[in-house]
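One structure is given here, and the rest of the page talks about it.
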Amino acid sequence: MGGIVSGQAKDTLQNRAAVEADTVKGALDVAFDAARTTAQSFSVLVNSTPSGARRDQFNAIMRRVLEQNPGFNGTYSAWEPNAIDGADAAFVNNRAKGSDDSGRYLPYWTRAANGSVAIQPLVEYNSAERHPNGLVKGGWYLGPRTNNQESILGPLPYTVQGKRVFLATMSVPISVGGKFVGVAGADYDLDFLQKLAIKTNSSLFSGKGVMLIVSDTGLIAANSADPSSIGKPAASVDPRWSQLEGIVRSGEAKVLDDAKQTNIDVYSPIHLGRSTTPWSVVISVPRALVLAQADTLSATLGSRAISGVVWQLVLGLGVAVAAIFAISLAAARIARPIRECAEFADGIAREQLDQTLHIQQVDEVGTLAESLRKMQGDLKVSIARRAEEQAKSLLVVETLLTNLGGLSRGDLTVDITTTFAPEFDELKNNFNSALLNLRTLIGAVGESTAGILTGSGEIAQASEDLARRTESNAASLEETSAAIAQMDNRLKATAVASGQTVARADQAIATVGGGRETADEAVQAMGRVSHSAEGIDSVIEGLDKIAFQTRVLAMNAAVEAGRAGDAGRGFAVVADLVSALAMRAEEEAKRARDQLTVTQTEIVTAVKAVERVDVALANIAGDVDAVHKLLGSMASDSQAQSSAITEISAAINEMDRSTQQNAAMVEETSAAARNLSTEVVSLSEQASQFKVDTSAKRVVAQPARANGKARPTVTHATVEQGGWIRH
């Protein structure tokens with residue numbers, strides 16, 4: 001079985017595993033970076049892109065990412081219902097846009113073997129079922145939705161453009177306003193990891209070991225010895241990897257060197273993106289092979305070390321003897337010139353450059369002497385050049401000190417006129433250019449302060465005038481508001497009185513109506529009386545006829561009684577009485593007719609009077625109705641005027657408040673303008689401290705008084721030939 005492998009061999013294996021882990025991490029992190037960039041872009045664009053254009057724009061982004069990364073197998077995004085644009089119902093089964101029968105935005109952009117790019121809707125994104133290898137089918141979506149963290153899931157069996165592949169898929173959550181709305185991701189076909197594992201293993205121990213790439217769940221993502229094991233738990237492939245899942249989940253680098261095992265297993269973690277689920281590279285090498293290689297290397301190094309030591313000793317002794325002999329022969333010839341060279345070099349070090357070295361040899365000492373003489377000459381030239389440069393620099397420094405001193409005192413006319421060395425011309429030009437710009441700036445500041453001072457003074461005066469007018473307007477508005485309030489109260493009282501008058505008019509109309517009805521009843525009753533009188537007249541006429549006939553009968557009876565003689569005398573008396581009674585009846589009937597005629601005349605007069613009363617009442621009713629309408633119109637007008645006055649009062653109150661606010665604002669503006677005037681005067685005084693032209697006088701803005709208040713006095717100036725000229 002062999003012993004424990006040396007630490008050097010373990011370090012070598014562990015370093016190689018770490019290198020391969022970095023290689024895998026670099027490739028997978030590209031997908032993580034792309035997914036993260038896509039997710040961040042979507043979270044920004046979803047609020048700045050019109051809803052109708054979002055799906056097309058996001059599809060274009062994912063397609064572009066896939067086309068720019070040939071190593072990717074696909075790019076995708078899955079969104080919550082109606083989270084992208086609220087229009088899922090309009091995209092049901094629109095596969096060209098990446099939607100299934102739910103209409104959700106679920107595009108999956110993939111690349112076929114021939115390089116063609118196509119889109120299809122994602123599937124199983126909400127499925128909590130597990131693949132045979134234990135991975136949750138929708139874990140790449142459900143995981144980020146649950147914990148809002150990046151995730152890597154694999155090896156995940158998936159059908160891409162009709163081909164069954166194993167994927168490593170990287171998902172990044174998309175958040176909008178702190179709320180999860182979906183994921184963006186990219187994936188690799190794990191075939192590239194398998195090729196990497198085979199290539200790496202072939203370079204280790206002639207390919208006699210095994211290299212695995214394992215997910216955090218212990219599933220094989222690549223196996224250099226058995227590609228068919230991809231997607232299976234490592235422990236099911238080889239029992240010695242029963243601890244593998246726990247080691248990978250811990251994310252630690254580890255070497256398992258158990259003498260009871262035939263292989264040495266080296267683990268190197270792969271921390272991917274910002275996920276909390278590390279993968280790992282596992283290199284498994286036969287122990288005997290490592291030990292044999294280590295023993296061979298140790299023996300080779302041992303023999304080489306012994307031979308090297310022997311040869312080094314022999315050569316060292318020979319060189320030492322030859323050196324001693326050569327030194328003894330040359331010491332006398334070399335020592336004196338070398339001493340002279342040393343003394344000459346020491347003099348050069350003390351800057352004694354007028355000494356002479358007389359050694360004229362053609363050997364190494366002569367070469368040394370010539371070098372020292374050349375160094376002496378070079379130092380002389382260098383010192384002279386340095387002195388010249390120092391003089392030039394001193395001139396520049398002194399000139400700058402003088403001019404900067406003037407500049408510090410506010411003199412902006414201290415242009416550099418001294419002629420500098422060519423290498424300092426740029427410094428001179430820059431200084432003069434800066435000074436010119438500063439003069440122009442200070443001049444512009446002075447001119448601007450003058451203009452600002454004038455404007456601020458006018459603003460202050462105008463603000464004060466406006467404040468006074470605003471205060472006057474406010475007082476007038478307050479008085480107007482009070483007067484309108486009184487008008488409003490009076491109009492309301494008038495409206496109430498008009499309403500009461502309308503009610504009284506209603507009562508008068510009702511009373512007149514009742515009087516007309518009574519008059520009509522009286523007319524009708526008098527008509528009936530008149531009709532009854534006509535009947536009485538007929539009765540009286542009948543009574544006349546009866547009285548006449550009775551009298552005729554009485555006369556006949558008297559005649560017959562006269563014929564009867566004494567026998568008829570009593571009957572004659574009765575006949576006389578009956579005749580007298582008939583005559584009296586005729587007289588009473590005549591009197592009744594006369595009285596009835598008078599009564600009928602009175603009735604006719606009364607009827608006419610009642611009819612006149614009815615006409616008068618009708619006229620009164622019409623007049624009262626007209627008065628009623630007028631009063632009603634007056635009442636409505638009074639109410640409308642009252643409402644209008646109320647609105648006017650409210651508007652005036654609002655105007656009053658606004659005017660009060662305006663007055664306060666104007667006061668603040670006036671105060672700010674006065675402060676501005678003060679600051680501008682201060683700025684002008686400070687600007688005037690600078691001298692910008694030898695013939696110019698300094699411009700100072702002084703406060704004057706106008707209308708009893710401080711007003712700025714402005715001195716107008718213009719820039720002419722770099723200076724201020726007052727005019």
Side-chain angles (χ1 to χ4, degrees), residues 31-69 72-112 116-129 136-153 156 158-161 167 169-187 273-275:
F32 257 126
D33 292 340
R36 191 177 304 115
T37 301
T38 302
Q40 292 172 351
S41 299
F42 286 179
S43 65
V44 173
L45 292 175
V46 75
N47 289 324
S48 60
T49 304
S51 59
R54 288 175 193 163
R55 301 195 185 212
D56 289 337
Q57 183 171 352
F58 290 4
N59 277 334
I61 291 173
M62 284 185 288
R63 178 169 185 164
R64 183 65 174 166
V65 171
L66 180 59
E67 291 173 345
Q68 290 181 340
N69 293 275
F72 289 5
N73 191 76
T75 55
Y76 62 87
S77 185
W79 288 64
E80 292 283 274
N82 285 312
I84 186 169
D85 53 14
D88 286 356
F91 292 91
V92 172
N93 286 322
N94 192 338
R95 300 178 65 83
K97 300 287 188 181
S99 297
D100 58 10
D101 57 1
S102 68
R104 291 172 62 174
Y105 184 56
L106 307 165
Y108 183 28
W109 286 91
T110 59
R111 178 183 288 108
S116 63
V117 173
I119 186 174
Q120 67 187 62
L122 292 162
V123 298
E124 298 179 338
Y125 49 88
N126 269 336
S127 176
E129 297 180 2
V136 177
K137 293 182 178 180
W140 53 270
Y141 179 74
L142 298 177
R145 186 174 71 175
T146 301
N147 55 34
N148 204 32
Q149 293 180 352
E150 296 180 0
S151 78
I152 176 170
L153 192 66
L156 185 67
Y158 209 82
T159 301
V160 178
Q161 296 195 24
L167 302 178
T169 181
M170 280 60 71
S171 298
V172 177
I174 303 172
S175 296
V176 177
K179 179 182 178 183
F180 173 86
V181 296
V183 300
D187 56 35
R274 299 170 186 169
S275 68

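Between Phe91 and Asp85 the shortest side-chain heavy-atom distance falls below 4.5 Å. Residues Phe32 and Ile152 are in side-chain contact: their nearest non-hydrogen atoms beyond the backbone lie under 4.5 Å apart.
Between Glu67 and Arg111, no side-chain nitrogen of the basic residue sits less than 4.0 Å from a carboxylate oxygen of the acidic one, so the salt-bridge criterion is not met.
In this structure, Pro107 and Ile119 approach most closely via the heavy-atom pair CB-CD1, 3.8 Å. Shown here for Val172 and Ala39, the closest heavy-atom pair between the two residues is CG1-CB, 3.8 Å. The shortest non-hydrogen separation linking Ser48 to Val44 is OG-O, 3.4 Å. Across Val136 and Leu153, no two heavy atoms sit closer than the pair O-CD2, 3.8 Å. Residues Leu142 and Ser127 share a closest heavy-atom pair of CD1-O, 3.5 Å. Residues Asn148 and Pro173 come closest through the heavy atom pair OD1-CB, 3.4 Å.
A donor-acceptor pair under 3.5 Å links the side-chain atoms of Arg104 to the main chain of Trp79, judged by distance alone. In this structure a side-chain-to-backbone donor-acceptor pair under 3.5 Å is present from Ser43 to Gln40. Within the 3.5 Å criterion, the main-chain N or O of Pro121 finds no donor-acceptor partner in the side chain of Arg95. With hydrogens and angles ignored, the 3.5 Å screen pairs a side-chain donor or acceptor of Asp88 with a backbone N or O of Asn82. Here the side chain of Asn73 pairs no donor or acceptor atom with the backbone of Asp187 at under 3.5 angstrom. The main-chain N or O of Asn93 is never found under 3.5 Å from a side-chain atom of Asp101 such that the two would form a donor-acceptor pair. Between the side chain of Asn94 and the backbone N or O of Ser99, no donor-acceptor pair lies under 3.5 Å. Side-chain atoms of Arg63 do not come within 3.5 Å of backbone N or O of Val117 as any donor-acceptor pair. Thr75 contributes a side-chain N or O that, together with a main-chain N or O of Met62, makes up a donor-acceptor pair within less than 3.5 Å.
Using bins of under 30°, 30° to 60° and over 60° for the plane-to-plane angle, the ring pair Phe58/Phe42 lands in the parallel bin.
Interatomic distance, OG1 of Thr37 versus CD1 of Ile61, reported as 11.0 Å (0.5 Å rounding). If you take CZ on Arg55 and OG1 on Thr49, they are separated by 13.5 Å, rounding to the nearest 0.5 Å. The distance from atom CD of Glu80 to atom CD1 of Ile174, rounded to the nearest 0.5 Å, is 10.5 Å. Atoms CZ and CG, from Arg54 and Leu45 in turn, are 10.0 Å apart once rounded to the nearest 0.5 Å. Remark: Trp109 CH2 to Leu66 CG distance equals 9.0 Å, nearest 0.5 Å.
The ring-ring contact (aromatic ring centres under 6.0 Å, His included) with Trp140 is formed by just one residue from the set Tyr125, Tyr108, Tyr76; it is Tyr76.
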* To do: Let me see the working for Val183 and Arg145 under side-chain contact (heavy atoms from CB on, under 4.5 Å), right down to the final yes or no.
  => CA-CA 8 Å; Val183 300; Arg145 186 174 71 175; over 6 Å; no
* Asked: Can you list the steps and then say if Val65 with Phe72 is a side-chain contact (heavy atoms from CB on, under 4.5 Å)?
  -> CA-CA 9 Å; Val65 171; Phe72 289 5; 4.2 Å; yes
* Yes or no on side-chain contact (heavy atoms from CB on, under 4.5 Å) for Thr38 and Ser77, after CA distance, side-chain angles and deciding distance? -> CA-CA 9 Å; Thr38 302; Ser77 185; over 6 Å; no
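Other residues, nucleotides and ligands contribute only 12 or fewer heavy atoms inside 6.0 Å of the CD atom of Glu129.
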